[in-house]
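These notes are about the structure you will find just below.
Fair warning: this is a prediction, and the values are worked out from it, not measured in the lab. We count residues from 1, following the sequence as given.
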Amino acid sequence: MKKHAIIPVFIPHKGCPNDCVFCNQRKITARTDDVSAEDAREVIDTWLTTLRPSSGSRSSGEACSTVEVAFYGGSFTGLSIEEQSGFLSVANEYKQKGLIDKIHLSTRPDYIDRDILDNLRAYSVDTVELGVQSFDDEVLRRSGRGHDSACVYRAVSLLKEYGFEFGIQLMIGLPGDSAESCIMSARKTAELEPSLARLYPTIVLDDTKLYDMYVCGQYSPLTREEAVYRTKEMYRILDDAGITIMRVGLKSTDIIGEGGAVNGGTYHPAFRQLVEGEIAKERIEPLLTDIAAADSHCSVTVRSCNRWFSAMIGHHACNRLYFSERFPSLNIRYKADDTLPPGRFSAEITYSSGHQDDAGS
């Protein structure tokens with residue numbers, strides 16, 4: 001059973017007069033037309049036909065335990081209060097009828113104040129995601145964000161005061177960024193205790209200031225390897241803090257015109273698997289090292305939950321190949337075991353006598 005479904009309503013570049021160097025909202029959202037409140041209603045109705053029984057009620061036959069309407073694509077609270085209310089009144093109508101469970105939106109940290117939050121609360125909004133991108137003020141300045149890190153703290157303080165669930169989005173590899181500033185941003189995020197986070201390596205899109213900087217040699221995108229490394233370190237900090245990591249990297253469906261839209265080598269359609277695969281390798285290798293030191297010729301079963309099974313194997317089975325070459329005397333098998341928490345692994349040694357020893361990470 002699918003536990004949580006998100007109905008995305010895209011409002012491309014609405015509510016955001018700012019011009020960040022990396023942003024071409026048309027390419028990211030794959031939408032160019034204005035979206036009205038009635039368009040939002042149509043989107044919700046269409047999605048609900050696939051998420052609930054044909055009777056139209058959320059009952060024991062439902063496909064999802066939680067259905068959430070999420071407004072993405074622009075800075076929602078940068079819209080006029082009237083426009084915000086138009087979209088939110090539609091979503092809240094479905095919430096009051098019990099057809100959806102949560103209302104979710106994304107915005108900028110400098111578009112949060114008490115008047116805005118009073119209005120969001122009036123329409124039963126649950127979650128507000130902040131496009132923070134970095135806690136390094138120089139990175140924010142060079143990226144054309146138009147706010148500093150102090151603005152983030154003010155926004156989060158208000159969101160907590162009003163009782164909203166909140167999330168933080170971070171970008172990796174912005175102009176002036178470094179591995180140290182990325183890791184600092186992840187640590188600052190963990191200190192604020194959001195319920196969710198998203199990690200986006202910077203992609204150079206056509207028709208952006210960043211593209212012009214790239215062409216002129218003023219900006220060099222991260223290599224894929226460096227992007228994976230930085231994201232992996234940030235992921236571990238957030239995961240260890242108990243923060244749900246909703247997204248890692250852009251999906252191919254998030255970008256249109258890939259043939260000319262994406263420049264440099266940072267983008268990868270399975271970026272999350274690359275990151276989680278590296279985390280899995282780092283956690284599994286010490287287990288196998290200890291086993292090989294104790295008994296260099298034995299059978300070993302490495303286990304993970306189903307959610308992390310592909311990460312355990314690695315993208316294009318790279319981890320399986322790595323371990324077979326690193327430990328040639330071990331007969332290694334891989335199995336799914338949902339008694340293990342996400343991102344945790346065990347190694348089970350099987351001797352000829354049938355005795356088993358377990359190790360976990």
Side-chain angles (χ1 to χ4, degrees), residues 2-3 172-173 179 198-201 203 221-240 244-255 258-259 262 264-352 356-361:
K2 190 174 181 181
K3 294 181 180 180
I172 299 99
R198 298 176 194 262
L199 298 173
Y200 293 116
I203 305 297
L222 297 177
T223 64
R224 187 170 299 157
E225 292 74 18
E226 180 63 17
V228 169
Y229 169 76
R230 292 190 192 185
T231 308
K232 174 196 68 174
E233 295 303 306
M234 297 169 75
Y235 186 116
R236 291 198 299 188
I237 291 167
L238 300 174
D239 187 51
D240 288 345
T244 298
I245 302 170
M246 293 284 291
R247 177 73 70 86
V248 180
L250 291 171
K251 293 182 179 179
S252 59
T253 52
D254 291 328
I255 305 173
E258 283 186 42
V262 179
T266 306
Y267 173 74
H268 192 284
F271 192 81
R272 182 170 192 142
Q273 189 182 15
L274 298 182
V275 171
E276 292 182 342
E278 282 297 304
I279 293 172
K281 184 172 76 171
E282 290 183 358
R283 290 177 176 173
I284 293 168
E285 186 166 11
L287 305 179
L288 296 178
T289 299
D290 290 344
I291 289 171
D295 188 338
S296 60
H297 292 83
C298 62
S299 295
V300 181
T301 300
V302 181
R303 301 176 189 270
S304 76
C305 67
N306 274 290
R307 159 72 179 77
W308 275 73
F309 188 84
S310 61
M312 175 172 63
I313 300 300
H315 186 62
H316 290 163
C318 62
N319 285 353
R320 184 167 60 190
L321 176 62
Y322 172 80
F323 291 133
S324 68
E325 293 177 348
R326 174 78 171 77
F327 304 101
S329 63
L330 298 180
N331 177 23
I332 306 172
R333 296 180 299 172
Y334 301 88
K335 289 189 176 181
D337 181 355
D338 277 334
T339 65
L340 289 167
R344 296 295 179 263
F345 308 89
S346 70
E348 175 186 273
I349 311 166
T350 304
Y351 297 100
S352 57
Q356 296 178 342
D357 287 339
D358 291 327
S361 174

With side-chain contact (heavy atoms from CB on, under 4.5 Å) as the criterion, how do Leu199 and Leu238 come out once you've worked through the C-alpha distance, each side chain's angles and the decisive distance to 0.1 Å? CA-CA 10 Å; Leu199 298 173; Leu238 300 174; 3.9 Å; yes

[X] vs [Y] side-chain heavy atoms within contact, under 4.5 Å:
X	Y	value
Arg272	Ile245	yes
Trp308	Arg344	no
Thr289	Phe327	yes
Asp239	Ile279	no

Minimum heavy-atom separation for [X] and [Y], please, with both atom names.
X	Y	value
Leu288	Leu330	O-CD1, 4.0 Å
Tyr267	Arg224	O-NH2, 2.9 Å
Pro201	Gly249	CD-CA, 3.8 Å
Ser304	Met312	OG-CE, 3.4 Å
Tyr200	Arg247	CE2-CG, 3.6 Å
Pro342	Cys305	CA-SG, 3.7 Å

[atom1]/[X] to [atom2]/[Y] distance, rounded to the nearest 0.5 angstrom?
X	Y	atom1	atom2	answer
Arg303	Ser346	CZ	OG	6.0 Å
Tyr235	Ile172	OH	CD1	12.5 Å
Ile332	Cys298	CD1	SG	9.0 Å
Ile313	Leu321	CD1	CG	11.5 Å

Without swapping roles, check the side chain of [X] against the backbone of [Y] for a donor-acceptor pair under 3.5 Å.
X	Y	answer
His316	Cys318	no
Arg333	Val302	no
Asn319	Gly277	yes
Thr266	Leu222	yes

Short N-O contact, [X] and [Y], less than 4.0 angstrom:
X	Y	answer
Arg236	Glu233	yes
Lys335	Glu348	no
Glu226	Arg230	yes

Check the pair Leu340, Phe345 against side-chain contact (heavy atoms from CB on, under 4.5 Å), reporting the backbone distance first and the verdict last. CA-CA 7 Å; Leu340 289 167; Phe345 308 89; 5.6 Å; no

